[in-house]
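So that the names make sense, note that chain A is the first sequence line, chain B the second, and so on, each numbered from 1. FYI, side chains are in, hydrogens and waters are out, and symmetry mates aren't considered; it's all heavy atoms of this structure.
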There are 2 protein chains.
Amino acid sequence: MTVQQMAQLDATFSALSDGTRRAIVARLADGETTLSDLAAPFDMSLTAVSKHLRVLSDAGLVDIEKRGRTRHCRLRGAPIKEAVDWLSKYEAFWIDRFDALARHLAKEEDDK
Amino acid sequence: MTVQQMAQLDATFSALSDGTRRAIVARLADGETTLSDLAAPFDMSLTAVSKHLRVLSDAGLVDIEKRGRTRHCRLRGAPIKEAVDWLSKYEAFWIDRFDALARHLAKEEDDK
DNA sequence: ATTATAGTCAACTAATTGGTTGAGTAAAGC
DNA sequence: GCTTTACTCAACCAATTAGTTGACTATAAT
């Protein structure tokens, strides 16, 4: 595992360790939105949400596109995949048998 | 999602956002060990490693058992499963088709 | 042209984090 | 009984984090 991969996992897990940011991720899974729109449900300043979004963006979890005076955000899956891949190495400790089998089969398919 | 579940995810992702702690998790996946043994490979004080272990323990990721003058640690999978379950909700954003199918089938089996 | 909207930026604060050291305690070995 | 081992605990430090406010910029609407 390279130092960059480590830093990416640091950033990904760290970004996801905050409830506000996980809520933003959940919201973006339903589709692209602007910052103002994302911020509306939260009881905090736009600046605060903007900072959270910046953390997600720095971790590569969201893509922010400037469009006129609005910022349009969408979810990027690659870092999530890396996090799941890391966690999957320890699946023996948590997975139930059916799911484990399915993943095992999926991995064999993957490795072809 | 309850406030406790949120706090658990906060703790789990936060615990895993540090490379030293992820290395400890990786080491424990190979089997139970003592704190001294865990600390040996790291270029930091025993106290520092002890603190990292405490973070993992508080998050429920490791179980620490006092046995004589040594502390024996082992990996607990439940919080990892919860993290994976959360991440899996967004699998559409990162998963490849074969793996997705396998998980889908596993989930159907799970839901029975 | 004026005004409202969407957002950034800088400065500040309080709390948390990741590390240190030095002193202390409890169990094991000689 | 003395020494070593395996820790814990408290105090401290520097850096980071999550939030605030107030001032600013740029775009869109009237």
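Rounded to whole Å, atom P of dG19(C) lies 16 Å from atom CZ of Arg54(B). One can place CG of Leu53(B) at 13 Å from C1' of dT8(D), the figure rounded to the nearest angstrom. Atom pair Asp18(B):CG and dT17(C):P shows a separation of 11 Å (rounding to whole Å applied). Phe13(B) has its CZ atom 21 Å from the P atom of dT16(C), to the nearest Å. Regarding Leu46(B), its CG atom lies at a distance of 11 Å from the P atom of dT20(C), rounded to whole Å. In this entry the distance linking CG of Leu56(B) with P of dG18(C) reads 10 Å, nearest Å. Between Lys66(B) atom NZ and dC7(D) atom P the separation is 11 Å, expressed in whole Å. One atom, NE2 of His52(A), and another, C1' of dG19(D), lie 8 Å apart when rounded to the nearest Å.
Position along DNA chain D of the nearest nucleotide to Ile64(B) versus Val55(A) favours Ile64(B) as the more 5'-ward residue. Residue order along DNA chain D, read from the 5' end via each residue's closest nucleotide, puts Thr47(A) first among Arg69(A) and Thr47(A).
Side-chain nitrogen and oxygen atoms of Arg71(B) include at least one within less than 4.0 Å of the OP1 or OP2 phosphate oxygen of dT8(D). Contact annotation: Ser50(B) does not reach the phosphate of dC7(D) (side-chain N/O to OP1 or OP2, under 4.0 Å). For dA18(D), the OP1/OP2 oxygens have a side-chain nitrogen or oxygen of Arg21(A) closer than 4.0 Å. A close approach under 4.0 Å does occur between a side-chain nitrogen or oxygen of Ser45(A) and OP1 or OP2 of dT20(D). The side chain of Thr20(B) contributes no N or O atom lying less than 4.0 Å from OP1 or OP2 of dG18(C).
Looking at heavy-atom distances under 4.0 Å, Lys51(A) makes contact with a base. The residue Leu35(B) sits close only to the backbone: its heavy atoms come under 4.0 Å of sugar-phosphate atoms, none of a base.
Put simply, Val55(A) and Val25(A) are part of two different groups of oily side chains (I, L, V, M, F, W, Y) that touch within less than 4.5 Å, one to the next. The hydrophobic cluster containing Tyr90(B) also contains Leu16(B), counting ILVMFWY residues as joined when their side-chain heavy atoms lie under 4.5 angstrom apart, directly or transitively. Criterion: ILVMFWY side-chain heavy atoms under 4.5 Å apart, direct or through other members. Under it, Leu75(A) and Leu9(B) are part of a common hydrophobic cluster.
Residue Asp37(A) forms a side chain to side chain donor-acceptor pair (under 3.5 Å) with just one option from Arg27(A), His72(A), Arg71(A), and that option is Arg27(A).
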Arg54(A)/Asp58(A) under salt bridge (Lys or Arg N to Asp or Glu O under 4.0 Å): CA gap, chis, key distance, verdict
CA-CA 6 Å; Arg54(A) 176 91 200 255; Asp58(A) 285 349; 3.7 Å; yes
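Among dC7(D), dA18(D), dG19(C), the nucleotide with an atom closest to any side-chain atom of Ser36(B) is dC7(D).
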